[in-house]
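Notes to accompany the following structure.
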Amino acid sequence: MTTPISLTFLGGAGTVTGSKHLLTVGNRRLLVDAGMFQGEKKWRELNWAEFPIPPASLEAVVLTHAHMDHCGYLPALVARGFSGPIWCTEATARLAEIVLMDAGHLQEREAQYAAEGGYSKHETPLPLYTVADVERTLPLLRAVPYDTDLDLGDELVLRLTRAGHILGSASVTLRHGDVSVLVSGDLGRHDHPLLESREEPPGAAYVLVESTYGDREHPDPEGQPHEILADVVRRTIGRGGSVLIPAFAVDRTPVVLKALAQLRRERRIPDVPIFVNSPMAVAALAVYRDAARTGGLRPDLHLDEFMNLPNLREVTDAEESKRLNRPEKPCIIVSSSGMATGGRVLHHLEHLLPNPRNAVVFTGYQGVGTRGRTLLEGATEMKFRGRFVPVKAEIVQDSEFSVHADGSDLIDWLAGLTPPPHTVFCVHGEADSAAALAARIHRELGLTAVVPRYREVVTLTPLSGLPPTSPVAPPSPPPPVEPLPVAEASTVPARRGTDSMDRPGARLPATASTHRHDSDQVRIILATALGQVPFLPAEKQTPVSVALQRAVALVGSDPDQLLDAVNSALYAAAEAVETPGGQSIVALLAHVPKVLAG
């Protein structure tokens, strides 16, 4: 009897965000990507709606990469009952950990701001998910190598192929007998400034191809590369202002730094301070440094040329971040997020936009409904934390930074698939862009190409001529992880599922680590904890910040001294455990002994 197989589009259909594609094989359910909806309100509200199927019924999730619109919904699935493996590449696992931990804090912080500012329609604003939900999600991440046929049992095989979009990004092939589905994920351009080029996956009967830039081509630079950026930097610094560059933390920040380094070497911009103000970006840069040793980056790339720039400062301390809202002298600030949907860039925009001496330079695609798109479309005021500020700063876009495949890149990728697909679904694009790409695929490649609707279901049938597979057993799951202790908070209610500590600030025994790259992981935890210091009572901020900064300085040296510094910060934060900042810092620091024990 033939096993019924279907595909359901639960996100990234009719929109460029919220990618979620459900493959149903008989009674088995696998989800490719679990992205957060962003941008327009009608899509964002779906994050809060009941998920179309019980999350507990999902056998597994497969991630294409670590952007929020592809992985940001994972903790919500876990909070609602999902507990299966999350298959992805090693680099995606590391970057997703950074992205999701940051997202959990932002969710809690936004709920706190809404409660204090009274600008939510809800009497008690709640986060979509909490740090505790993220902590339960991270152990589910299971890394697998590229170009390996992974046996998921009962003839179902998974394969990941390098996509060249961000570090660790992959196209996903799922195959059951002669029925196969290929999900492109976000594809990179032919020539990425940092990464190894994308590779060609095996052909499949059904192909889901992204269409972010499906209706356009990336323009060739007019004159010297990044002259738009160089020009606005020169003019802004010349009039005594500062330049704010919103940039995605896990991929765009290193690309921007590389471009700034090149402009400085060529003396096309003045030598002014450059601040990377994003704990998430600082943590992600450590992953890129590792990739320089382990693979994934271009062989001709030299990270030291732009990561060790004179006057480059990586900002993790919250107080220093606040001071950048009123810089002492002209500077360049690189901060996330890239579409200005969240992160530290928001408070920079709130303070810098009203001053006509300043400039904001966007470096990538800006989705409909995002603050970035609104600014580029000429907004004269913008709302932050329930109040409007005037937009008087210069707003510019440098389109040369995009690492998304354009229309021709997408056609070339599809044309290289063997055997050619039976049907192509144009997903992850705005309606006009997806429709334009579908028409071009039909016109130039002679393939059936459609734009699926949200929640549309299609039945899949076999295709002959597929390449053979050589399945291998999946890697063994990591050992069970004890639940992290999470203190109760009165301001931001959180879903529970972890035990409370016996007493606030108690020293925790070290247990087996479940993390790779211990020093980098500790840095990530400490940087994220520093970002929560402003949400402590004023009298607690200085002692906690000092202890955390001391701990940061000790990472990689004497572990006993580091643990003492961490516990000092934990004791101080635990005295304010009734606040969101205290809760988050205690939950984070409680994890450090587990990491150090590895």
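Just so it is clear, the structure is predicted and the values come from calculations on it, not from any experiment.
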inquiry  = Check this for me, if you would: do Arg298 and Asp300 make a salt bridge, where the nitrogen-to-carboxylate-oxygen distance has to be below 4.0 angstrom?
reply    = yes
request  = Output, in order, the C-alpha distance, side-chain angles, deciding distance and verdict of side-chain contact (heavy atoms from CB on, under 4.5 Å) for Leu74 and Ile86.
outcome  = CA-CA 9 Å; Leu74 281 171; Ile86 302 168; 3.9 Å; yes
query = Do the ring centers of Phe9 and Phe425 come within less than 6.0 Å of each other?
reply = yes
task = Starting at CE of Met339, measure out to CE of Met68 and round the result to the nearest 0.5 Å.
result = 11.5 Å
inquiry  = Treating Ser336 as the side-chain partner and Gly338 as the backbone partner, does any N or O pair qualify as donor plus acceptor under 3.5 Å?
reply    = no
Salt bridge Glu430-Arg373, side-chain N to carboxylate O under 4.0 Å = yes
Distance-minimising heavy-atom pair for Ala284 and Val250 = CB-CA, 3.9 Å
request  = Kindly say whether Ala340 contributes a backbone atom to a donor-acceptor pair with the side chain of Arg371 at under 3.5 angstrom?
outcome  = yes
key: Exam field: side chain Ser433 to backbone Ser211, donor-acceptor pair closer than 3.5 Å   = yes
note = Here the gap from Leu445 atom CG to His442 atom NE2, rounded to the nearest 0.5 Å, amounts to 11.0 Å
NE2/His190: more than 12 non-hydrogen atoms of other groups inside 6.0 Å = yes
query = Is Asp102 close to Ile98 at the side-chain level, that is, under 4.5 Å between some pair of heavy atoms?
reply = no
ask   = Do the side chains of Tyr454 and Leu46 get nearer than 4.5 Å, heavy atoms only?
value = yes
inquiry  = Using only atom types and a distance under 3.5 Å, with no angle test, would you say the side chain of Glu90 pairs donor to acceptor with the backbone of Val144?
reply    = no
inquiry  = Would Met36 and Asp69 count as a side-chain contact (heavy atoms from CB on, under 4.5 Å) here? Give the steps.
reply    = CA-CA 5 Å; Met36 183 88 80; Asp69 55 343; 5.9 Å; no
ask   = Just checking, any donor-acceptor pair under 3.5 angstrom between side chains of Tyr365 and Thr370?
value = no
query = So, His428 and Ser19: side-chain donor and acceptor under 3.5 Å apart, yes or no?
reply = yes
Heavy-atom side-chain proximity of Leu208 to Leu182 below 4.5 angstrom = no
Side-chain heavy-atom pair Trp48, Leu128 within 4.5 angstrom cut-off = yes
task = Report the distance from atom CZ of Arg289 to atom CG of Leu297, rounding to the nearest 0.5 Å.
result = 12.0 Å
inquiry  = Testing the basics here: between Cys71 and Val99, what is the closest heavy-atom pair and its distance to 0.1 Å?
reply    = SG-CG1, 4.2 Å
task = For side chain to side chain donor-acceptor pair (under 3.5 Å), just list the numbers for Thr461 and Tyr206, CA-CA rounded to whole Å, side-chain angles, deciding distance to a tenth of an Å, and then say yes or no.
result = CA-CA 9 Å; Thr461 57; Tyr206 300 91; 2.9 Å; yes
message = Among residues at least two apart in sequence or on other chains, which ones pass salt bridge (charged side-chain N to carboxylate O under 4.0 Å, His left out) with Arg252?
response = none
Which atom of Pro75 lies closest to which atom of Leu100, heavy atoms considered = CD-CD2, 3.9 Å
query = Do the side chain of Ser171 and the main chain of Ser184 share a donor and acceptor less than 3.5 angstrom apart?
reply = yes
Flag side-chain contact, heavy atom, 4.5 Å: Arg159 against Thr148 = no
query = Crowded around Asp432 CG? As in, over 12 foreign heavy atoms under 6.0 Å?
reply = no
task = Report the distance from atom CG of Leu301 to atom NZ of Lys258, rounding to the nearest 0.5 Å.
result = 6.5 Å
query = Under the criterion side chain to side chain contact (heavy atoms under 4.5 Å, CB included), which of Val403, Leu195, Leu194, Leu167 is the partner of Asp251?
reply = Val403
request  = Would you please indicate if the ring centroids of His67 and His165 are separated by under 6.0 Å?
outcome  = yes
task = Give a yes or no answer on whether the side chain of Tyr213 reaches the backbone of Gly429 with a donor-acceptor pair at less than 3.5 Å.
result = no
request  = Could you walk me through whether Arg94 and Asp290 pass the salt bridge (charged side-chain N to carboxylate O under 4.0 Å, His left out) test, one step at a time?
outcome  = CA-CA 11 Å; Arg94 293 191 64 194; Asp290 279 350; 2.7 Å; yes
query = Is the closest side-chain heavy-atom distance between Pro145 and Thr89 below 4.5 Å?
reply = no
request  = Using atom types as modelled and distance alone, determine if a side-chain donor or acceptor of Ser402 lies under 3.5 Å from a backbone N or O of Gly364.
outcome  = no
note = Heavy-atom closest pair (Ala292 atom, Leu303 atom, distance to 0.1 Å) is CB-CD1, 3.5 Å
query = Please walk me through it: do Asp178 and Leu463 pass side-chain contact (heavy atoms from CB on, under 4.5 Å)?
reply = CA-CA 6 Å; Asp178 287 333; Leu463 175 69; over 6 Å; no
request  = Decide yes or no for Thr64 and Asp186: does some side-chain heavy atom of the first lie under 4.5 Å from some side-chain heavy atom of the second?
outcome  = no
remark   = In this structure, NE2 of His176 is separated from CG of Leu152 (nearest 0.5 Å) by 10.5 Å
inquiry  = Would you compute the distance between atom NE2 of His65 and atom CG of Leu187 and round it to the nearest 0.5 angstrom?
reply    = 10.0 Å
query = With the threshold set at 4.0 Å, does a side-chain nitrogen-carboxylate oxygen contact exist between Arg440 and Asp215?
reply = no
key: salt bridge (charged side-chain N to carboxylate O under 4.0 Å, His left out) contacts in which one or both residues fall within residues 20-37, not counting sequence neighbours   = Arg28-Glu59
query = Where the side chain of Thr92 meets the backbone of Cys88, is there a donor-acceptor pair that is under 3.5 Å apart?
reply = no
request  = Could you verify whether a donor N or O on one side chain and an acceptor N or O on the other, from Glu217 and Ser408, lie under 3.5 Å apart?
outcome  = yes
request  = For Leu31 and Phe51, work out which heavy atoms get closest and say how close.
outcome  = CD2-CZ, 4.2 Å
task = May I ask you to decide if Ile5's main-chain N or O and Thr24's side chain share a donor-acceptor pair within less than 3.5 Å?
result = no
task = Might you work through the side-chain contact (heavy atoms from CB on, under 4.5 Å) test for Thr173 and Val181, ending with a clear yes or no?
result = CA-CA 6 Å; Thr173 302; Val181 177; over 6 Å; no
message = Give me the atom names and distance for the closest heavy-atom approach of Ser57 to Ile53.
response = OG-CD1, 3.9 Å
task = Determine whether the side chains of Asp409 and His218 contain a donor N or O and an acceptor N or O closer than 3.5 Å.
result = no
request  = Look only at the side chain of Arg162 and the backbone of Tyr146, and say whether a donor-acceptor pair between them is shorter than 3.5 Å.
outcome  = no
ask   = Do the non-hydrogen side-chain atoms of Thr161 and Asp147 ever get within less than 4.5 Å of each other?
value = yes
